[in-house]
Amino acid sequence: MAKIKVVTDSTIDLTLEEAEKYGIEMIPLCINIDNETYLDRVELTPADFIEKMKNSKELPKSSQPAIGSFVEVYERLVSEGYDVISIHMTGGMSGTVRAAESAAQMVEGNITVVDSMYITKALSFQVFEAVKMIEDGHTVEEIVTRLEEVRQNTNLFVVVDTLENLVKGGRIGRGKGLIGSLLNIKPIASLADGVYTPVAKVRSHSQIVKFLTKQFEEHTEGKSIKGVGLVHADGFGLASKLKESIVKARGYTQFSIEDTTPIISTHTGIGAIGFMYFAE
């Protein structure tokens, strides 16, 4: 039976300790704040990033890992006798998966690169399914086929509490940003086909909780809930209200509220939350 190892990137929202516990290789993206560059989760925690972003003069920027970082990990794993499944954040938001594909072509070995089409805990649903199937003795081909099913049965929503970072990042114009702020608009977006896609605009936290709970109830009706993720960028209060509503709606309690990756925080700004689930 072939030895198989899972590689992913730091946008999965796992701690270094969790990655080590499950034998997952995690390659960090880079964050640049006020001309200082940090390795995500290695040199900068999500909580530390939030504090630096609050005091930053400019919008922090993220960058994908260098191709050489992937090559180094792949060569080491291949030399240890492993086949590799490398599962990464959506190619619709970053060049990370493309860098992984380029690196895979440079290394002699059985390396399969997968675009998860998701990020944060939604990415982790696929990574942990792969880890479980490796333990159960499945082949690379069987695992990759199964990941497509996980992907098709996953939903992810991002809620922005303030439009400030979207304006700074050029994702919306200053005029729309000003009007939106005056009207206290809070955009809700999904990650449809791996791309940030606006789906609703509301004006209060109670409307956010109501909208997301309704989506969760509709998408999980008659299905088995396999995983739920709830992350935030200094938006613990809103996340807590949503968790309470989700638990009340379905009685599902096997999830916690965690800090999200700076890759999301820098685009969404303070107060944002990410809510995702996998059910089939």
Side-chain angles (χ1 to χ4, degrees), residues 11-14 18 46 87 89-90 92-93 116-130 132 146-162 166 184-261 263-265 267-280:
T11 67
I12 190 173
D13 274 344
L14 287 183
E18 288 172 321
I87 310 168
M89 70 172 290
T90 172
M93 295 179 65
S116 74
M117 308 288 279
Y118 283 106
I119 192 171
T120 182
K121 296 298 180 182
L123 164 59
S124 80
F125 297 154
Q126 293 178 48
V127 167
F128 279 115
E129 188 73 8
K132 178 177 179 298
R146 172 60 180 153
L147 295 186
E148 174 64 25
E149 295 174 353
V150 176
R151 196 175 307 131
Q152 294 298 325
N153 288 290
T154 296
N155 290 88
L156 184 155
F157 293 95
V158 177
V159 181
V160 175
D161 196 51
T162 166
L166 292 178
N184 200 27
I185 288 175
K186 303 179 188 304
I188 300 175
S190 71
L191 210 60
D193 297 324
V195 178
Y196 182 88
T197 306
V199 294
K201 296 175 182 176
V202 299
R203 295 185 180 180
S204 68
H205 283 184
S206 62
Q207 289 177 331
I208 293 169
V209 171
K210 183 177 180 181
F211 177 87
L212 293 178
T213 301
K214 183 180 179 184
Q215 295 293 311
F216 180 73
E217 288 180 310
E218 290 179 357
H219 289 148
T220 61
E221 181 68 37
K223 298 180 180 179
S224 173
I225 300 170
K226 301 295 182 66
V228 173
L230 182 54
V231 299
H232 71 101
D234 205 21
F236 187 82
L238 173 58
S240 297
K241 292 177 183 175
L242 178 59
K243 180 176 182 180
E244 182 179 346
S245 180
I246 293 301
V247 171
K248 185 177 180 181
R250 282 281 183 263
Y252 188 86
T253 60
Q254 299 173 45
F255 65 107
S256 57
I257 300 172
E258 300 179 36
D259 295 324
T260 193
T261 168
I263 311 305
I264 283 187
S265 303
H267 295 299
T268 60
I270 300 298
I273 65 168
F275 175 53
M276 56 225 86
Y277 43 89
F278 162 39
E280 60 183 357

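Side-chain atoms are counted along with the backbone in the values below, which use heavy atoms only and exclude waters and symmetry mates.
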Q) Just by distance, do the side chain of T120 and the backbone of A122 share a donor-acceptor pair under 3.5 Å? A) no
**Q.** Ring geometry between F125 and F278 (parallel below 30°, tilted from 30 to 60°, perpendicular above 60°)
**A.** tilted
Q.
With a 4.5 Å cut-off on side-chain heavy atoms, are V158 and L191 touching?
A. no
Q) Where do A249 and E217 come nearest, in terms of heavy atoms and distance? A) CB-OE2, 3.5 Å
Q: Assign the ring pair F216 / F275 to parallel, tilted or perpendicular, where the plane angle (0 to 90°) is split at 30° and 60°.
A: tilted
(Q) Side chains of T90 and V195, heavy atoms from C-beta outward: is any pair under 4.5 Å? (A) no
Q. Are the charged groups of R146 and E149 less than 4.0 angstrom apart, N to O?
A. yes
Q: Measure the shortest side-chain to side-chain distance between K210 and V202 over non-hydrogen atoms and say whether it is less than 4.5 angstrom.
A: no
Q: Please tell me if the side chains of I273 and L212 come closer than 4.5 Å, counting only heavy atoms from C-beta onward.
A: yes
Q. Does V127 offer a backbone N or O that forms a donor-acceptor pair with the side chain of S124 under 3.5 Å?
A. no
Q: State, without any angle test, whether T197 and S190 hold a side-chain donor-acceptor pair at a distance under 3.5 Å.
A: no
Q.
Any heavy-atom pair between the side chains of I208 and K186 that's under 4.5 Å?
A. yes
Q. What residues form a ring-ring contact (aromatic ring centres under 6.0 Å, His included) with F255, not counting sequence neighbours?
A. none
Q. Is atom NZ of K223 surrounded by more than 12 heavy atoms (other residues, nucleotides or ligands) closer than 6.0 Å?
A. yes
(Q) When you compare the side chain of K121 with that of L14, does any pair of heavy atoms fall below 4.5 Å? (A) yes
Q) Is the shortest heavy-atom distance from the side chain of T154 to the side chain of Y118 under 4.5 Å? A) yes
Q. Are E148 and R151 close enough for a salt bridge, meaning some N to O gap below 4.0 Å?
A. yes
Please report, to 0.1 Å, the donor-acceptor pairs under 3.5 Å made by any side chain of residues 226-239, with sequence neighbours excluded.
from	atom 1	to	atom 2	distance (Å)
K226	NZ	E280	OE2	2.9
H232	ND1	D234	N	3.2
H232	ND1	G235	N	2.9
H232	ND1	F236	N	3.3
H232	NE2	D259	OD1	3.3
D234	OD2	K54	NZ	2.9

Q.
Tell me the closest heavy-atom pair linking E258 and D13, and the distance in Å.
A. OE1-O, 3.9 Å
Q. Is any side-chain heavy atom of I257 less than 4.5 Å from a side-chain heavy atom of K243?
A. yes
(Q) Quick one, Q207 with S204, criterion side-chain contact (heavy atoms from CB on, under 4.5 Å). Give me CA distance, side-chain angles, the key distance, then yes/no. (A) CA-CA 5 Å; Q207 289 177 331; S204 68; 3.2 Å; yes
